[in-house]
Undergrad: 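Take a look at the following structure, please.
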Amino acid sequence: LAGCFFKPQITKEQQNNVVTWIARGYEVKEVEFISFTKNESTGTYILKVKINNDDSMVSNLSIFRYEYLNSQYGSIALSPGDDFESIKKKKFMDPNEKVSIEGIKIKYLGEK
């Protein structure tokens, strides 16, 4: 029964990793983390983000393994794709390529 109340946690560092993944494929100025949940039937983690403080740019990211969040290497596609076409980079960077998130404003989960 206690398992029903398990709420997955995501650290600041893991959220920074996700911003890094997004920055490899998109021109982002701001990423706001809205929620982090786990679909118990599939075991998939769902991370809801809002991009550039734009209500039309909200995406649910599916993370299939929690461990993936511990790596800054990777990239992720925002969907639905049409909503993010205007900020998509001409060429997605390699998942291992260094990318700076220095200039990106990040609103972490649980922060007001």
Undergrad: Judged by atom type as modelled, is there a donor-acceptor pair below 3.5 Å linking the side chain of T42 to the main-chain atoms of T44?
TA: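 Yes.
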Undergrad: Please check if the number of heavy atoms outside K29 that lie under 6.0 Å from its NZ is greater than 12.
TA: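 Check fails, neighbour count at 12 or below.
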Undergrad: Identify whether L61 and I51 are in the same connected component of the hydrophobic contact network (ILVMFWY, side-chain heavy atoms under 4.5 Å).
TA: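 Both belong to a single hydrophobic cluster.
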Undergrad: So, for I46 and S62, which heavy atoms are closest and what is the spacing to 0.1 Å?
TA: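 Heavy atoms only, the tightest pair is CD1-OG, 3.8 Å.
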Undergrad: If hydrophobic clusters are built from ILVMFWY residues whose side chains come within less than 4.5 Å, do Y66 and V18 share one?
TA: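 Y66 and V18: one cluster.
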Undergrad: Mind checking the CG-OG spacing from D94 to S75? Nearest 0.5 Å is all I need.
TA: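 Result: 8.0 Å between the selected atoms.
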Undergrad: Judged by atom type as modelled, is there a donor-acceptor pair below 3.5 Å linking the side chain of Q15 to the main-chain atoms of L109?
TA: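 The answer is yes, because a donor-acceptor pair under 3.5 Å joins these two groups.
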Undergrad: Looking at side-chain heavy atoms only, is the closest gap between F33 and V19 below 4.5 Å?
TA: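 Yes, their side chains come closer than 4.5 Å.
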Undergrad: Decide yes or no for I76 and I22: does some side-chain heavy atom of the first lie under 4.5 Å from some side-chain heavy atom of the second?
TA: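 They are in side-chain contact.
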Undergrad: Hey, does the side chain of W21 reach the backbone of L69 with a donor-acceptor pair shorter than 3.5 angstrom?
TA: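 Here the side-chain-to-backbone pair does not exist.
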Undergrad: If we ignore hydrogens and angles and just use 3.5 Å, is the side chain of S59 paired with the main-chain N or O of S79 as donor and acceptor?
TA: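 Yes, because the side chain of S59 sits within donor-acceptor range (under 3.5 Å) of the backbone of S79.
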Undergrad: Are the side chains of V49 and V58 in touch, meaning some heavy atoms are under 4.5 Å apart?
TA: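 V49 does not reach V58 side chain to side chain.
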Undergrad: Going only through I, L, V, M, F, W and Y residues with side-chain contacts under 4.5 Å, is there a path from I87 to I101?
TA: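 Yes, I87 and I101 fall within the same hydrophobic cluster.
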Undergrad: Run the side chain to side chain donor-acceptor pair (under 3.5 Å) test on Q72 and N16 for me, step by step, so that the C-alpha distance in whole Å, both residues' side-chain angles and the decisive distance to 0.1 Å come before the verdict.
TA: CA-CA 8 Å; Q72 62 176 292; N16 285 339; over 6 Å; no
Undergrad: OG1 of T11 to CG of N17: how many Å apart, nearest 0.5 Å?
TA: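 Between atom OG1 of T11 and atom CG of N17 there are 7.5 Å.
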Undergrad: State yes or no: do Y108 and I104 share one hydrophobic cluster built from I, L, V, M, F, W and Y residues joined by side-chain heavy-atom distances below 4.5 Å, directly or via other members?
TA: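 Yes, Y108 connects to I104 through the hydrophobic network.
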Undergrad: Between E85 and D82, is there a donor-acceptor pair closer than 3.5 Å when you use the side chain of the first and the backbone of the second?
TA: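 Pair absent, no side-chain N/O of E85 close to backbone of D82.
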Undergrad: Hey, what's the ring geometry for F36 with Y45, parallel, tilted or perpendicular (30° and 60° as the breaks)?
TA: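 Parallel: the ring planes of F36 and Y45 meet at under 30°.
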Undergrad: Please tell me if the side chains of Q14 and N70 come closer than 4.5 Å, counting only heavy atoms from C-beta onward.
TA: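 Yes; the side chains approach each other to less than 4.5 Å.
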Undergrad: N52 side chain to V28 main-chain N or O, any donor-acceptor pair under 3.5 Å?
TA: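 Not confirmed, N52 side chain does not pair with V28 backbone.
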Undergrad: Spell out, as yes or no, whether a donor-acceptor pair under 3.5 Å connects the side chain of Y26 to the backbone of L78.
TA: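 Yes.
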Undergrad: Could you check if a side-chain atom of K98 sits within less than 4.5 angstrom of a side-chain atom of Y73, using non-hydrogen atoms only?
TA: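 Yes, their side chains come closer than 4.5 Å.
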Undergrad: R24 side chain to E97 main-chain N or O, any donor-acceptor pair under 3.5 Å?
TA: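 Yes, the answer is positive, given that a donor and an acceptor are paired below the 3.5 Å cut-off.
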Undergrad: Taking the side chain as every heavy atom from C-beta outward, state whether K50 and M57 have any atom pair closer than 4.5 Å.
TA: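 They are not in side-chain contact.
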Undergrad: Would a distance-only check, ignoring hydrogens and angles, find a side-chain to backbone donor-acceptor pair under 3.5 Å from K89 to A23?
TA: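 Side chain of K89 to backbone of A23: a pair is present.
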